[in-house]
Amino acid sequence: MQRIWKNALWAVLLSLPLAAWCAGATGSVRGTVTDQHGQPVPGASLRLSRPALPHPLRTASDLNGAFLFASVPEGVGYRLRASAVGFSSAHVENVVVKGGRETALVVRLSSGHTSVTVTAAAHRADLRQKATGATVYRLTSETLRSLPQGQSTPLNQVILQAPGVAQDSFGQLHVRGDHGDVQYRIDGILLPEGINGFGQSLDTRFAQRLDLLTGVLPAQYGYRTAGVVDITPKSGAQEASGTTEAGGGVDLYGGARGTFQTSVDAGGSQGSFLYYATATALTNDLGIESPTPAVDPLHDHTNQLKGFGYFNWLLSPTLRLSLITGSAAGEFQIPDNPGQQPAFSFAGLSPDRLALLYPSAELNATQHEVNHYAILALKGEPSSDLSYQLALFSRYSSVHYHPDPVGDLIYNGVAADVFRSDTAAGVQGDSSLKLGSHTLGAGFFVSGENAVSDNTSSVFPANAAGQQTGDLPFLITDDHSKRGWLYGLYVQDRWQATAKLSVLAGVRLDRVSAYVKANQLSPRLIATYQLTPSVSLHAGYAHYFTPPPLELIAPTSIEKFQGTTNALPTQVNTNVVPERTDYFDAGASFRVTPRLQLGLDGYYKEVHDLLDEGQFGQALVFSPFNYRKGRVYGVEGTLEYREGPLDLYGNVACGAALGKEVVSGQYNFDPAELAYIATHYVHLDHDQTLTASAGISYRWDGVQASLDAIYGSGLRRAFANTLSLPPYTQVNLGLAGQIPTRRLGPFSWRISVVNLLDRIYEIRDGSGIGVGAPQYGPRRALYVGLSKRF
């Protein structure tokens, strides 16, 4: 019996080559998928095809980035396509499979949008993306770690390194002459707007890559269009250390102004499940820009907590379910400005007496901020030509200003307890279909939100001239709430007309229903031409529709405050309406050498009902209003050079932002200023003629040194913004490296110096349209960090 089984086994083994020959010989294709730094990419979708094959073969890379196609029919002309979330797709042409042999491949994916290739040598550049036609400034995790403060750099300070971005007080940013008008996306999904505050609800630490898109945007981008900050988060496959090792780490960072920050993170994978989570606790004595040039501001302490989680389930090689969650909470003391004189008497006490009892250096106003958000997204790629994403999202945001009950009253004539909250939820869908030389896109967006504005103000009685007539305060309650809806649809087509010319045409329809109802059909047209292998030209036009931010609109019952020390300057109050813009953009990029890239871009905007924001009142939150007409224009230049351990970049922008005739929120303005603006184009308060940023980093013998700088010619000030503040420059320095230990392994260290030259400069001087107290830039500060991966 044993002999029979042995003979039968030999017969089967000997017949296999013959069967393979009769059926057609087969081989295998084995390989690894890596990113541009050589790190494995798990969960990548792979598709092997050729015309003679009835159906494409599909598989996915494992946790080590490895993949295998077994029993592949022998042949030539195979095409391998690889794609993964957060990377551009890669193609390997003319793959040869030989019978009985194994073909080995290494597929390298580059960070970016589909069909975009960004090499490691151009990880920070003003890139013209064929996928969108927009101007994209990209920062990878490597770039973020090379900043002087590394991943402890606040997100707004990171974005300041991009071209055409000007800084303002309270962490605000202005992109290409707009006040705000920036949308934030995580993994391509629009994050509903939160109420402006001092804290950064999004953290640099969880970003694997950050893109800032400006210029003429495709039809898929609506509402906030001055800039799009698109963050690709770390997924667990690429952790904070930039490795694929499962585990976590702890960062300690602190120094000047009582700063101490602790951060922890963990990431990894279990089968088809990938996860990344991080949390940060921060405390310091410089929560808000100081109103004085003093080294240590008065009453400026802050405590902040942030958390972020990103969880991915690979349901199949072509289907992924993601959950994104985040939370931020902060408590801020409002900094005091010493030496001020009370303007009002109180309970029989004169202003002189009150100055001794309640000095302005000892007031105790505070503000508390909360932001929570969650996104559930399903992303699929049924074929190499079809992809889609469907996402549900929600966000809660609130700001609560607690006044100094006596101090605010005697210095300002009103002590207002202000609470604002906004709850938003909605759904977003996007799809893409490739048909020959055309790539069609379509999608929708629906969002509902409920905004609450509660104000309880303590005021003194006053006559028609605003003069105090009694020294005993009384309370006025002014509460409002409003529900609003936002709808959007778009279709677009990216047509590769020739090998050098691509055209993107699209249109979107938007409608807003809140304090006002409005809609607009917005066409977009972008053309990109590859003049030579090293010179690319682009031009485009967009019609933009920007609804007013519902969460910031706080209607005021003007009549309630008549006859008080908080009476409004004028009685006119027209609802804030959407902004409508005709936007033109053109430019070119030049790859002078493989290591040197230059860019030049110009833009012009003709704006109807231009939206702007100002701080009107004691609470440090902003209120929107409209100018009837606006003109915004400028030009940007960029430079990027990288060779080996050296990375050098520079950006410069020159522009102007002008508005004429205030047509909403008029009650916040002085009558003389309103009359002047009605007949003159005035500079917007956030207009800055010249803005520049630059940086250099160099790695030598395991130590990385970095230096970056920002320059501004000064924001606007004085009556109707007719003057500007003096120019300023801030330079930051960083050193980073590792300390090897025998038992615990390596520790990472960092030394950072903010405002290395200790230049004293004003961001605001307290004058201008919608500007509150003065704010100064930070004084020189030394910080030290230590981190350990486990």
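Starting from 1, each residue takes its place in the sequence as its number.
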Do you see a donor-acceptor pair shorter than 3.5 Å between the side chains of [X] and [Y]?
X: Ser263; Y: Thr280; answer: yes
X: Tyr310; Y: Asp187; answer: yes
X: Arg591; Y: Ser534; answer: no
X: His538; Y: Asp585; answer: yes
X: Ser693; Y: Asn651; answer: yes
X: Gln492; Y: Arg494; answer: no
X: Thr691; Y: Gln688; answer: yes
X: Thr143; Y: Ser146; answer: no
X: His179; Y: Asp612; answer: yes
X: Tyr649; Y: Gln161; answer: yes
X: Arg176; Y: Tyr583; answer: yes

Please answer whether the main-chain N or O of [Y] pairs with a side-chain N or O of [X] as donor and acceptor at a distance below 3.5 Å.
X: Thr302; Y: Gly287; answer: no
X: Thr225; Y: Gly222; answer: no
X: Ser752; Y: Pro148; answer: yes
X: Asn626; Y: Asp609; answer: yes
X: His683; Y: Asp687; answer: no
X: Asp647; Y: Ser697; answer: no
X: Ser713; Y: Leu690; answer: yes
X: Gln172; Y: Ser169; answer: yes
X: His543; Y: Thr581; answer: yes
X: Arg508; Y: Ser522; answer: no

Do [X] and [Y] have side chains that get closer than 4.5 Å, going by heavy atoms?
X: Ser152; Y: Gln261; result: yes
X: Val753; Y: Tyr783; result: no
X: Pro549; Y: Pro624; result: yes
X: Ile763; Y: Leu715; result: yes
X: Leu282; Y: Asn284; result: yes
X: Asp178; Y: Thr546; result: no
X: Ile751; Y: Leu782; result: yes
X: Gln730; Y: Pro778; result: yes

Legend entry - Qualifying residue, where the test is side-chain hydrogen bond (donor to acceptor under 3.5 Å, both in side chains) with Gln704 and the options are Arg699, Arg145, Arg750: Arg699
At what distance, to the nearest 0.5 angstrom, does [atom1] of [X] lie from [atom2] of [Y]?
X: Leu212; Y: Tyr137; atom1: CG; atom2: OH; result: 9.5 Å
X: Gln530; Y: Leu537; atom1: CD; atom2: CG; result: 8.5 Å
X: Tyr641; Y: Arg595; atom1: OH; atom2: CZ; result: 6.0 Å
X: Leu596; Y: Glu643; atom1: CG; atom2: CD; result: 10.5 Å
X: Glu613; Y: Asp685; atom1: CD; atom2: CG; result: 9.5 Å
X: Ile159; Y: Leu139; atom1: CD1; atom2: CG; result: 9.0 Å

Inset, instruction - Give the intermediate values and the outcome of side-chain hydrogen bond (donor to acceptor under 3.5 Å, both in side chains) for residues Glu640 and Thr638. - result: CA-CA 7 Å; Glu640 193 269 350; Thr638 64; over 6 Å; no
Taking the basic N atoms (NZ, or NE/NH1/NH2) and the acidic carboxylate oxygens, is any pair closer than 4.0 Å for [X] and [Y]?
X: Arg138; Y: Asp211; value: yes
X: Glu289; Y: Arg764; value: no
X: Asp251; Y: Arg205; value: yes

Inset, instruction - Give a yes or no on whether Lys660 atom NZ has more than 12 heavy-atom contacts from other residues, nucleotides or ligands under 6.0 Å away. - result: yes
Legend entry - Neighbour count above 12 (heavy atom, 6.0 Å) for Tyr633 OH: no
Inset, instruction - Using the six-membered ring wherever Trp is involved, compare the ring planes of Tyr373 and Phe308 and label them parallel, tilted or perpendicular (cut-offs 30° and 60°). - result: tilted
How close do [X] and [Y] get, counting heavy atoms only, and between which atoms?
X: Ser748; Y: Gln738; value: OG-NE2, 3.7 Å
X: Ala505; Y: Leu525; value: CB-CD1, 4.0 Å
X: Ala657; Y: Gly177; value: CB-O, 3.5 Å
X: Thr528; Y: Ser536; value: CG2-OG, 3.8 Å
X: Ala84; Y: Leu109; value: CB-CD1, 3.8 Å

Inset, instruction - Measure from the ring center of Tyr276 to the ring center of Phe206 and say whether it is less than 6.0 Å. - result: no
Inset, instruction - Would you confirm whether the ring centroid of Tyr221 sits within less than 6.0 angstrom of the ring centroid of Tyr223? - result: no
Legend entry - Audit row: Arg642, Glu142, salt bridge (Lys or Arg N to Asp or Glu O under 4.0 Å) steps and yes/no: CA-CA 13 Å; Arg642 186 178 184 183; Glu142 179 185 350; 2.7 Å; yes
Inset, instruction - Report the C-alpha separation of Thr214 and Tyr603 in whole Å, then their side-chain angles, then the decisive distance to 0.1 Å, and conclude whether the side-chain contact (heavy atoms from CB on, under 4.5 Å) test is met. - result: CA-CA 10 Å; Thr214 58; Tyr603 60 92; over 6 Å; no
Inset, instruction - Would you please test Asp758 and Arg779 for salt bridge (Lys or Arg N to Asp or Glu O under 4.0 Å) and show each step? - result: CA-CA 6 Å; Asp758 200 23; Arg779 297 294 300 273; 2.9 Å; yes
Inset, instruction - Might you work through the side-chain contact (heavy atoms from CB on, under 4.5 Å) test for Tyr627 and Leu684, ending with a clear yes or no? - result: CA-CA 10 Å; Tyr627 291 93; Leu684 306 186; 3.5 Å; yes
Inset, instruction - Decide side-chain contact (heavy atoms from CB on, under 4.5 Å) for Leu611 and Asp181; before the verdict, give the C-alpha distance in whole Å, the side-chain angles of both, and the deciding distance to 0.1 Å. - result: CA-CA 9 Å; Leu611 278 168; Asp181 198 21; over 6 Å; no
Legend entry - Evaluation steps, salt bridge (Lys or Arg N to Asp or Glu O under 4.0 Å), between Glu762 and Arg717: CA-CA 11 Å; Glu762 276 187 303; Arg717 68 179 183 90; over 6 Å; no
